[in-house]
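Worksheet: one structure, shown below.
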Amino acid sequence: MLSISLILSAIALLALSGVPALFASTRSSPANRPAFGAPGAGVQAVLTLLALALGVAGVILAWTGYNPLATWLPTSAAGGQALLADAEARLRLDWFLPWGQFHVAIDPLSAFFLLPAFFLPVLGSLYAIGDRRLAGFSQDSRLLPLFYGLLAAAIALVIIARDGALFLIAWELMALAGYFASLFGRDRERGRRAGWVYLVATHLGTLCLFLMFAIYYRVSGSFTLEAGGPVWAPGLATAVLLLATVGFGCKAGFFPLHVWLPDFYAEAPAHVSALLSGIMSKMGIYGLLRILMLVPVTAAWMGYLFLIIGATSAVWGIAMALGQRDLKRSLAYSSVENLGIIAMALGLATLGRALGRPDFTLIGLSAALFHTWNHGLFKSLLFFAAGAVDRSTGTRDTDQLGGLGKRLPLVMALFMVGAVAIAGLPPFNGFASEWLLYNGLFRTLGSDAAVATHFVALAAVALALVGAIAVACFVKLTAAVFLGEARAPAIAAAARPVRSVSMALAMGFAALACLALGLFPAWLAPVFERVGACWTGVAVTVPGLLRYVPLRWLTLAGAGFLLALLVPVAFIVGRKLVRPPVVAGTWDCGYARPEPRMQYTGTSFGRSIVSLLSFMLRPRLKAPRLKACFPERSSFASTLPDLIHDRLVLPFFQLIGREAPRFRVLQQGRTHLYVLYILIISVVLLVMGRIASK
Amino acid sequence: MPNLVNTILVIVLALNLFALGNSRLMSVIRIVSAQGVLLGLLPLVMHGHITIAALLAAGVGIILKAIIIPSMMLRALRDADIKREVEPLIGFLPSIILGALATGFSLLFVTLPGLADEAAVSLVIPTSFATVLVGFILLTTRYKAISQVVGYLVLENGIFIFGLLLVEALPLVVEMGVLLDLFVGIFVISIIVNHINAAFSSLDTRHLVSLKE
Amino acid sequence: MIINLIVHFCLLILMPPLLLGIINKVKALFAGRRGPPLLQAYFDIGKLLRKGMVISRSTTWVFMAGPVVTLAAVFCAGTLIPLGRFAAPISFTGDLVLFAYLFGLARFFTTSAALDTGSAFEGMGAAREVTFAVLSEPALFLVFFVFVRLSGSLSLGEMLHLAPAGYVSGAVAPLVLVAIGLFIIMLAETCRIPVDDPNTHLELTMIHEVMVLDHSGPLLGIALYAAAMKLFVLSSLLLHVLQPFKSGLAWLDWLIFAGGMMVIAGTIGVVESVMARLRMNHVPHLLVAAIILCGAAFVLLVR
């Protein structure tokens, strides 16, 4: 009771955290407002920090089951008795809506997702203080903190909702708050267009969820999302699971439901993108986990389905990310990749449950959960750094940037931490979670369980492929933005250094967390076991996660690597001290006049991999054709459009756009006609109800 | 002995892929002749004891397929003075992948039930089938007359592997007959190659289209 | 036990340049030259380490981090792999993934350092390096699948020691395929002919050498040393498949191991002497063939 009150008050704080911003003054010029960048951002940061404190306290109380009131209050007191009796982290209230009730609760699964849901908004609002470009906006930018806070609150509400109706309300609130928060990007027009696509996509997903909850209600007789329901007929269970996969998969951005995602994440302000990609997309994963917990899985095909979806999303996402020019679009596509990796882990967990192998289940679930946290951290870090670059130079086009490392050394170092972590390389957290997943997949391959080995092997090969492309992709982003020389000197000359303590703090915290989780993943093992026990409904922890996968060794390996690094570093530093290096131009095979424009751009760096994968990516090249001896001036262009968007989604909506006007007949603009419609529908419903009751 | 047989067979499979992916005609011919040597060794190790029939099959096979036919082809190559690049109908990468699919298909699905010594010959039938398929791929996707000859050679190698299963049951005459056919065929083609070259000053079989009525 | 560990580290640290010497000697013999002395690579590296550095003004600290991180990563990979029949210094369930990803880490920093110079040549080399890795990494994992399937273990040590038992139990065909595939992977990862030519420094046709074009003095020395160590580590992986026999005497087994490594180096030398470098756009075909071979080995095991 206490814990749930703490959490609810934290959510209320989050929701209200943007309200003070409405009263902030925006009239003063940016010059005399150095301390608070975006209006109200400072207040929001403080309030979200407070919410984090309350939320973490609530989560800890719910997790440990400890009730301090029991020790403080004399048990004889009547109030104390009542409080003790309701020690469970649950709140049930009837409300005015015709269905469902206000029913929230915290179990380990919710608690696990609540932590990043409270933590990431703190980082985001901290970052927003420094992002002074936001301050340059007109009156309405005071609304951004409001929607940002609402978004964070809605996410937390989704996590604790235990009632289908409440869940859908929170879900819709989250979708709308996300939409409005995303509108405050640099290019308003493109932002609106991207937001429109997002609105359509998210509502199509929500439609599936409506259907799913309808079936759920039909079978279980209530909207309560609690385990221990009735026995499910296989057909209905399948329908619910497929609908959940589509509905939640749309939010997570699984291939091919990801089409709304690249533009939407790219056009939103940096800290909103971080929240959208870092935690809102994870609500798709949370929803899937919740439904899988309630609806029993008995068939292995569900696991294979997730493995295939995950592998496809991961390969597609990272390959598309490599081909993008826009820094934030690239990061957005890499979200598709990371959610795909989580889906693969989920597939392994589901497979384990279907086969009755608790070890697969535990490893798969741990990998999925761990990667959820990790992706939230390093993706936020990368979006923050991208925002800093955007703020400093005014562009996100990687083919124009370059050489920023000398202007923004701190941003570069932090971006590289994020890049190494997201590429899944040791000793950072991305490696730890991918390592868990590999362990699970290899274990499946090596065991004699009745597994369709080919699927699992294909998934593991896909993961290896994704790992290799991810290295290429993030080398490309790092190098194209920060290394070498500026490709467009005008932009480089205009680049301003970013001197914001709050931005550096936000990025620094995320980077530290990446390193800490990468070095000490074993600390989280009990957490995963607890969530696993909650998810399967069985105490699967008999041998424990650490017996299956020795996470502690990663600590040693990471520390060993850092130690091994010391020797050559010390040597080079020593040599530099003894004989200071001669600084000269790039030698470049003795080329006489190297120019910045001769550098490899990000596009040319990624081109060879893109053309290797051209059978599935279909990059579009506009190359000049030489006809005469002295060709005219011409241009070369290569783009990588999203096939799903261009060949599948657009034609479909164009078709609808062509065909839909036929229904205009119904819309005559006369009120009495509309009343007639209502009458007709009422009559039809009455007749149908009559027939159904017979 | 099955170990040795299986080793030889998987190397034959690997050589198939390299033949598909190689762009230089000379290397392709060399690869196929190496395949010939390996296959020639097979009858000796196949059944654990050496018979005169096996010895004969091995000797004739190696001499013909690894020495005489390749040298004839290399000579034709020299005489015709053609470019050493293969001109494939489909790219090298697709044809490698096609070959891989054929190999995987044969490994997974092609078995012959009712054979006595299952473990020993478990790879023989799939390899033979895969090699025949690769031969067909070479035949259908390459333009140059010489590369088509290579295709026939690979095809024959596949048939040869299959014949090994029966080398004790069937008379040697059949295998020898196949080899003779092939030899004569290649002999004829080598002559034709020269004539095509003289007539069209190119070895591209696409030019033969102009001969149709 | 302790002695074996010491020998492991000594070999890992001291032997790599020798392999380069053997390769160059074999190539020289094939070309009819006397060739540089066997220990030339040691002299080269030693000399480079003592020289001064010239650094481009385009670069940042990432340029120096390239060789340094690569060396540390490859060294760590070397502590994970068992040499011969002896146990590796560090061995745990799932270390094979760490092994593969340490090379990924090395690649990340090598290519970043190359791109840091802002040179077109080095960008080209970096792009090729990551492209070929896209194909060789799945192939390496397929090799691991075969080992995991054969041994039922997830640690490199047990895996590599148990899997060659397949030679006895009749799983020869997959092991032969894996050996061929692994050899191709090794040639590609260590940038030898037919994938890359380690001797051409001034052409557009190379990968590794072009990436370290701007590194000089100690940095170049470390880069060369790290490349040699990578060759050593991957060769010792291959040796497990090729040479599964053991004598039982520790000193004899170490001798056998060292001999095996030299034979592999000699084989690389022979391959480099008799083959031409492939055209760059044909290299993927070779690597795809490696993937297919390893995949076929796996299919053979599970069918």
C:E272: which of C:N24, C:D197, C:I193 passes side chain to side chain contact (heavy atoms under 4.5 Å, CB included): C:I193

Pick from B:T7, B:V10, B:V5: which one makes a side chain to side chain contact (heavy atoms under 4.5 Å, CB included) with C:V172? B:T7

At a 4.5 Å cut-off on heavy atoms, which part of C:A179 comes close to chain B: side chain, backbone, both, or neither? neither

Working note: C:L301 + C:F145, criterion side-chain contact (heavy atoms from CB on, under 4.5 Å); need CA distance, chi angles, decisive distance, verdict. CA-CA 10 Å; C:L301 268 186; C:F145 292 170; over 6 Å; no

Chain B heavy atoms under 4.5 Å from C:I184: which part of the residue, side chain, backbone, both or neither? side chain

Measuring heavy-atom distances to chain C, does B:L17 have an atom under 4.5 Å in its side chain, in its backbone, in both, or in neither? side chain

Under the 6.0 Å and 45° cation-pi test, does C:K25 pair with C:F30? no

Relative to chain B, which segment of C:I291 carries a heavy atom at a distance below 4.5 Å: side chain, backbone, both, or neither? neither

Among C:I180, C:L175, C:L300, which residue has the highest count of heavy-atom pairs closer than 4.5 Å to chain B? C:L300

From CG (C:L140) to CD1 (C:I185), nearest 0.5 Å: 5.5 Å

